[in-house]
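Let me begin by presenting the structure, written as structure tokens, before commenting on it.
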Amino acid sequence: IYVGPFDLSAALGKPGQFDDPEIREAIRHIQKACAEAGKFSFIFAANETAAKEDFALGYGSVTLGMDATILTDAVRAHVAALM
């Protein structure tokens, strides 16, 4: 089971409101239901803080960011170091 927090928040009528209690509860509920059913759970996390929280909830795997964003951030950091 793979959770996309943006898709989930949009489906609940609160797009992008990841700290909203209803969204956080839905994320917890999904993981708990997966664990009870013996299913592996995955979730997308936009940053390290969210990833740590998701692992703490029991998600078995966390996708940390998008590859294009990670690559872009790394290139910017290297360029900044040269300036």
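In this text, all values refer to a predicted model and were calculated from it rather than measured experimentally.
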Atom pair [atom1] ([X]) and [atom2] ([Y]), whose distance is rounded to the nearest 0.5 Å:
X   : Y   : atom1 : atom2 : value
I23 : Q17 : CD1   : CD    : 7.0 Å
L57 : K52 : CG    : NZ    : 14.5 Å
L64 : I43 : CG    : CD1   : 12.0 Å
Q31 : K39 : CD    : NZ    : 14.5 Å
M66 : L71 : CE    : CG    : 12.0 Å
H29 : C34 : NE2   : SG    : 9.0 Å

For atom CD of E48, decide whether the heavy atoms of other residues, nucleotides or ligands shown that lie under 6.0 angstrom number more than 12.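 Counting other residues, nucleotides and ligands, CD of E48 stays at 12 neighbours or fewer.
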
Minimum-distance pair of heavy atoms, taken over all atoms of P5 and I27: CB-CD1, 4.4 Å

Kindly determine whether T69 and D73 satisfy side-chain contact (heavy atoms from CB on, under 4.5 Å), including the steps that lead there. CA-CA 6 Å; T69 304; D73 290 346; 3.8 Å; yes

For the backbone of F42 and the side chain of S61, can you confirm whether one donor and one acceptor N or O come within less than 3.5 Å of each other? no

Side-chain (Y59) to main-chain (F44) donor-acceptor, under 3.5 angstrom: no

As a quick check of understanding, evaluate side-chain contact (heavy atoms from CB on, under 4.5 Å) for L12 and L8, giving each step before the final call. CA-CA 6 Å; L12 293 174; L8 177 63; 4.1 Å; yes

Could you please spell out the steps behind the side-chain contact (heavy atoms from CB on, under 4.5 Å) verdict for F18 and S9? CA-CA 7 Å; F18 308 119; S9 67; 3.9 Å; yes

Evaluate the side-chain contact (heavy atoms from CB on, under 4.5 Å) criterion for residues R24 and E53: first the C-alpha distance (whole Å), next the side-chain angles of each, then the deciding distance (0.1 Å), finally the verdict. CA-CA 10 Å; R24 296 306 305 159; E53 291 171 2; 3.9 Å; yes

Side chains of Y2 and T63, donor plus acceptor under 3.5 Å: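 Yes, because at least one side-chain N or O of Y2 sits under 3.5 Å from a partner of the opposite role on T63.
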
